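Values reported hereafter were calculated over all heavy atoms of this structure, with side chains retained and with hydrogens, waters and symmetry mates removed. Since the model is a prediction, treat every value here as computed from it, not as a measurement.
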Amino acid sequence: TMALCLKQVFNKDKTFRPRKRFEPGTQRFELYKKAQASLKSGLDLKAVVQLPPGESINDWIAVHVVDFFNRINLIYGTMSEYCTEKSCPIMSGGLKYEYRWQDDSKYKKPTKLSAPQYMCMLMDWIEMLINNEDIFPTRIGVPFPKQFQQVCTKILTRLFRVFVHVYIHHFDSIINMGAEAHVNTCYKHFYYFIREFSLVDHRELEPLVRMPQGWGR
């Protein structure tokens with residue numbers, strides 16, 4: 001299965017952050033298992049991302065946001081030794097795209113950061129959000145907040161930028177590690193998911209629009 005292959009390719013010690021887990025016995029844990037079973041069955045990824053009949057869209061999105069956070073953490077954690085202040089002084093996707101960091105606390109205006117600094121801020125920020133019960137409630141019967149999908153759009157948009165940076169600046173390292181197939185599968189899964197629910201503005205997707213043939217887009 002893909003999960004086993006990922007464990008072989010990626011060194012678990014390099015995971016960028018502790019994994020967020022779903023509590024067994026909860027609705028979200030059952031949904032997570034359903035999503036993972038579909039993924040491992042070799043089904044077409046376009047079909048895998050579709051909302052199962054009768055399930056809540058917010059639960060489905062929550063499960064995927066957390067899962068993608070864990071997966072992309074693992075990918076970037078493995079790449080991080082190649083992504084340094086020296087090699088990547090600006091968080092970018094090629095010459096045309098530069099990403100500046102902004103949050104509601106330390107950086108109130110869009111600020112230039114190196115790629116490693118940006119990634120660190122990003123992972124801390126996402127971790128804080130997904131562990132916040134007011135935004136990602138885990139207790140049964142507690143409703144999602146009105147702005148839930150808006151928050152998820154922001155999270156997924158920024159996670160997409162990790163793919164942009166990794167593909168454009170570190171693709172040779174991915175190939176050297178033998179991780180190309182796994183990163184591509186994770187990217188395609190992520191891409192089909194955000195397209196299925198229109199969660200990321202199409203303009204954000206432009207840096208990776210001209211991906212090589214065979215990437216299945």
- Query: Do Val65 and Leu129 come close enough that some side-chain heavy atom pair is under 4.5 Å?
  - Reply: no
- Query: For the atom pair OH (Tyr187) and CD (Glu180), what is the distance rounded to the nearest 0.5 Å?
  - Reply: 14.5 Å
- Kindly give the heavy-atom pair with the smallest separation between Pro116 and Cys88, and that separation in Å. CD-O, 3.7 Å
- Among pairs that include at least one residue of residues 106-116, which meet side-chain hydrogen bond (donor to acceptor under 3.5 Å, both in side chains), considering only residues two or more places apart or in two chains? Glu85-Ser114, Ser114-Gln117
- Task: Return the set of residues passing side-chain hydrogen bond (donor to acceptor under 3.5 Å, both in side chains) with Glu206 (not counting sequence neighbours), or none when no residue passes.
- Result: none
Which pairs would a plain distance check flag for residues 170-179, meaning a side-chain donor or acceptor within less than 3.5 Å of a matching protein atom at least two apart in sequence or in another chain?
from   : atom 1 : to     : atom 2 : distance (Å)
His170 : NE2    : His165 : NE2    : 3.2
Asn176 : ND2    : Asp172 : O      : 3.3

- Arg158: partners by side-chain hydrogen bond (donor to acceptor under 3.5 Å, both in side chains), with sequence neighbours left out: none
- Message: Can you tell me how far apart CG (Asp201) and CG (Leu156) are? Round to the nearest 0.5 Å.
- Response: 13.0 Å
- Message: On a heavy-atom basis, which atom in Thr78 and which in Leu74 lie closest, and how many Å separate them?
- Response: OG1-O, 2.8 Å
- Item | Heavy-atom closest pair, residues Val164 and Pro207 | CG1-CB, 3.7 Å
- Partners meeting salt bridge (Lys or Arg N to Asp or Glu O under 4.0 Å) with Asp103 (sequence neighbours left out): none
- Message: Just to verify, what does Thr84 make a side chain to side chain contact (heavy atoms under 4.5 Å, CB included) with, not counting sequence neighbours?
- Response: Lys86, Ser87
- Closest non-hydrogen atom pair, Ile72 against Phe163: CD1-CE1, 3.5 Å
- Lys46/Asp44 salt bridge by N-O under 4.0 Å criterion: no
- Could I get the full list of salt bridge (Lys or Arg N to Asp or Glu O under 4.0 Å) partners for Glu98, not counting sequence neighbours? Arg100
- 4.5 Å side-chain heavy-atom contact, Trp60 and Phe193: yes
- Message: Could you measure the distance from the CD atom of Gln150 to the CD1 atom of Ile155? Nearest 0.5 Å is fine.
- Response: 12.0 Å
- Query: For the ring pair His169 and Tyr82, is the centre-to-centre distance below 6.0 Å?
  - Reply: no
- Task: Not counting sequence neighbours, which residues clear side chain to side chain contact (heavy atoms under 4.5 Å, CB included) with Pro145? List them please.
- Result: Pro137, Gln147, Phe148
- Considering all heavy atoms of both residues, which atom of Gly93 and which atom of Tyr99 are nearest to each other, and what is their separation? N-CE1, 4.3 Å
- Rounded distance [0.5 Å steps], CG in Leu95 versus CD1 in Ile168: 9.5 Å
- May I have the step-by-step check of side-chain contact (heavy atoms from CB on, under 4.5 Å) for Leu51 and Phe197, ending in yes or no? CA-CA 9 Å; Leu51 180 68; Phe197 301 103; 4.2 Å; yes
- Item | Tyr118: partners by ring pair (Phe, Tyr, Trp, His ring centres under 6.0 Å), with sequence neighbours left out | Trp101
- Query: So, the side chain of Glu133 versus the backbone of Thr138: is there a donor-acceptor pair under 3.5 Å, distance only?
  - Reply: yes
- Note on the structure: In terms of heavy-atom contacts, Tyr167 and Asn184 come closest through OH-OD1, 2.6 Å
